Amino acid sequence: MDNPWWHRSVVYQIYPRSFADANGDGMGDLRGIIQRLDHLAGLGVDVIWLSPICRSPQDDNGYDISDYQDIDPAFGSLADFDELLAGVHERGMRLIMDLVVNHSSDEHAWFAESRSGKDSPKRDWYWWRPARPGMEPGTPGAEPNNWGSVFGGSAWEYDPATGEYYLHIFSRKQPDLNWENPEVREAVYAMMNWWLDRGVDGFRMDVIDHISKDTSLPDGVVRPGSLYAEGGPHYMNGPRNHEFLHEMHERVFAGRATLLTVAEMPGVTIEEAARYTDPARREVDMVFGFEHVWVDRGPDPWVLYPLRLTKLKGILGRWQAGLADVGWNSLYWNNHDQPRVVSRYGDDSPEFRVRSAKMLGAVLHLHRGTPYIYQGEEIGMTNAPFASIADFRDIEALGHYAQAVEHEGHSSEDVLTVLRARGRDNARTPMQWDDSHQAGFTTGTPWLAVNPNHKEINAAAAVEDPDSVYHFYRRLIALRHDDPVVVYGDFTMLLPDDERLYAFTRRHGDTELLVVGNFSGERARADIPGAEAWSSAELVLTNAPARTGLDLEPWQVVIYRRRA
Ligand code: GLC
């Protein structure tokens with residue numbers, strides 16, 4: 001079989017709410033994206049992934065869908081969508097949709113029907129359960145099990161109309177669909193086929209390792225200091241997950257032109273990822289694992305640890321090795337759920353922001369796999385200066401704050417410190433297009449404040465400046481398109497015990513690349529085995545003015561190429 005096009009591709013994620021607002025209501029929309037397509041074509045990306053744009057009460061910014069086959073009026077119409085898709089295709093790019101089918105919105109017609117009574121034909125489309133035996137329904141502790149919701153509070157919502165509870169791993173407005181029921185699966189496949197028939201090129205599948213649950217829904221383990229249990233072990237990567245994805249492949253993807261499917265899987269291990277992405281198993285093309293973005297947190301996601309580079313290299317190196325023979329890696333630092341990488345693993349001070357953003361981009365893009373760029377990453381956007389909880393909008397941040405401060409006794413300042421570093425709103429501040437009022441994002445009042453640093457950090461300035469992060473990313477993308485070693489080269493990690501340098505080689509045929517990134521604000525020398533042999537190699541790309549061999553400046557990255 002020919003290698004699929006997405007091996008050579010770079011994907012750009014748009015979070016439509018925060019990308020570009022054409023109608024001045026303060027929220028991004030499809031016409032805003034249409035107006036900015038040339039920015040993406042200029043960057044050279046191959047695929048656009050759109051975070052959800054379907055009809056939604058926006059409880060979790062669209063990850064709560066009330067109609068899978070319509071566009072939310074805040075984003076536009078199906079006609080706008082068709083125009084956008086045509087614009088993407090005209091520029092030689094592709095477009096993938098966000099598929100959010102672990103749960104729907106509680107305002108979806110399916111849920112309204114399911115909720116209407118115990119004998120509703122759709123009752124079993126969601127997870128309804130009676131109170132814990134011997135407990136009065138609706139009273140504290142009577143929930144069917146002790147799982148906490150990802151956004152704080154219990155994972156169960158009591159519905160007085162029928163005296164039962166429904167499961168919601170995320171907010172109470174995101175009831176979990178019951179994939180055990182074949183009618184649910186058929187409805188989802190029909191909807192997916194409808195989008196593909198409309199011309200979309202694939203899907204990013206939201207928390208798709210949550211769809212098969214342990215149907216006995218057992219109690220989980222409660223961490224000291226928490227009110228609820230971590231239910232993940234009972235609903236992540238469950239017994240039928242592979243079966244469901246294989247069935248989806250049969251019912252939706254088989255027989256179509258090559259598409260791109262990428263499965264978000266917070267609970268995935270490398271061994272499982274190799275199975276999910278083994279082409280022979282016909283499940284999905286790649287997965288988003290989380291280990292490398294959880295490297296700086298503990299078992300409690302809300303406890304901060306500093307980055308240990310050796311640990312990060314250990315994780316990414318294992319993923320490279322684990323998917324070297326079968327399967328394929330996705331490569332990402334950022335998305336709408338993660339803080340900005342330059343503030344997290346780099347240095348966002350005026351002195352080193354540009355340089356460290358480029359280093360991080362180069363190290364990621366030179367791994368084997370398909371790189372994902374999250375909007376604003378290509379201009380080195382940073383975390384935002386949130387002053388108080390009132391500046392946050394994210395349901396996760398607000399839910400965590402309420403639980404931690406009001407119910408678990410943590411101080412407001414401590415919780416804010418963590419939210420400033422980790423909160424998802426860092427990624428969601430509006431795209432910084434220029435230095436004008438509201439960064440050119442909107443003529444109105446943005447739904448989430450624009451980062452004041454848009455005066456210096458913006459796309460217009462970056463496009464003008466040949467030394468910008470933007471032009472560096474353009475070169476990285478071009479390098480992938482031009483040199484098969486970037487796409488197919490074997491990966492070998494070097495210096496695994498070094499806390500400052502991230503070094504590896506890639507080899508394909510007679511071509512070898514050496515990549516060394518300095519993850520520190522100090523000079524560092526890369527004492528790699530066989531360093532001599534690289535002294536006459538071609539310097540393909542670097543982010544600091546002088547060629548310094550393997551003596552690296554703070555935050556410098558070098559990419560060398562040689563032919564055997
Ligand atoms: C995924 C999304 C996240 C959302 C959650 C529930 O992790 O990326 O934004 O809140 O699923 O849909």
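Position 1 is the first residue of the sequence; numbering continues from there. All ligand and atom numbering here is 1-based and tracks the order in the structure. Everything numeric in this text was worked out from a predicted model, so none of it was measured.
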Anything under 3.5 Å between an N or O on ligand 1 and a protein N or O? List each pair with its distance, or write none.
residue, atom, partner, partner atom, Å
ligand 1, 7 (O), E264, OE1, 3.2
ligand 1, 7 (O), E264, OE2, 2.9
ligand 1, 8 (O), R204, NH2, 3.0
ligand 1, 8 (O), H336, NE2, 2.8
ligand 1, 8 (O), D337, OD2, 2.5
ligand 1, 9 (O), H336, NE2, 2.9
ligand 1, 9 (O), D337, OD1, 2.7
ligand 1, 9 (O), D337, OD2, 3.4
ligand 1, 9 (O), R424, NH1, 3.3
ligand 1, 10 (O), D60, OD1, 3.4
ligand 1, 10 (O), D60, OD2, 2.5
ligand 1, 10 (O), R424, NH1, 2.9
ligand 1, 11 (O), D206, OD1, 2.9
ligand 1, 11 (O), D206, OD2, 3.1
ligand 1, 12 (O), H103, NE2, 2.9
ligand 1, 12 (O), D206, OD2, 2.7

Over all heavy atoms of both residues, which pair between S212 and P239 is shortest? Give the atoms and the distance, please. OG-N, 3.3 Å

Among all residues two or more places apart in sequence or in another chain, which pass the ring-ring contact (aromatic ring centres under 6.0 Å, His included) test with [X]?
{"X": "W194", "answer": "none"}
{"X": "H7", "answer": "W328, Y488"}
{"X": "Y374", "answer": "none"}

If you measure only the distance, is there a donor-acceptor pair under 3.5 Å linking the side chains of H367 and Q320? no

Tell me whether R282 is salt-bridged to E250, with the criterion being a basic N under 4.0 Å from an acidic carboxylate O. no

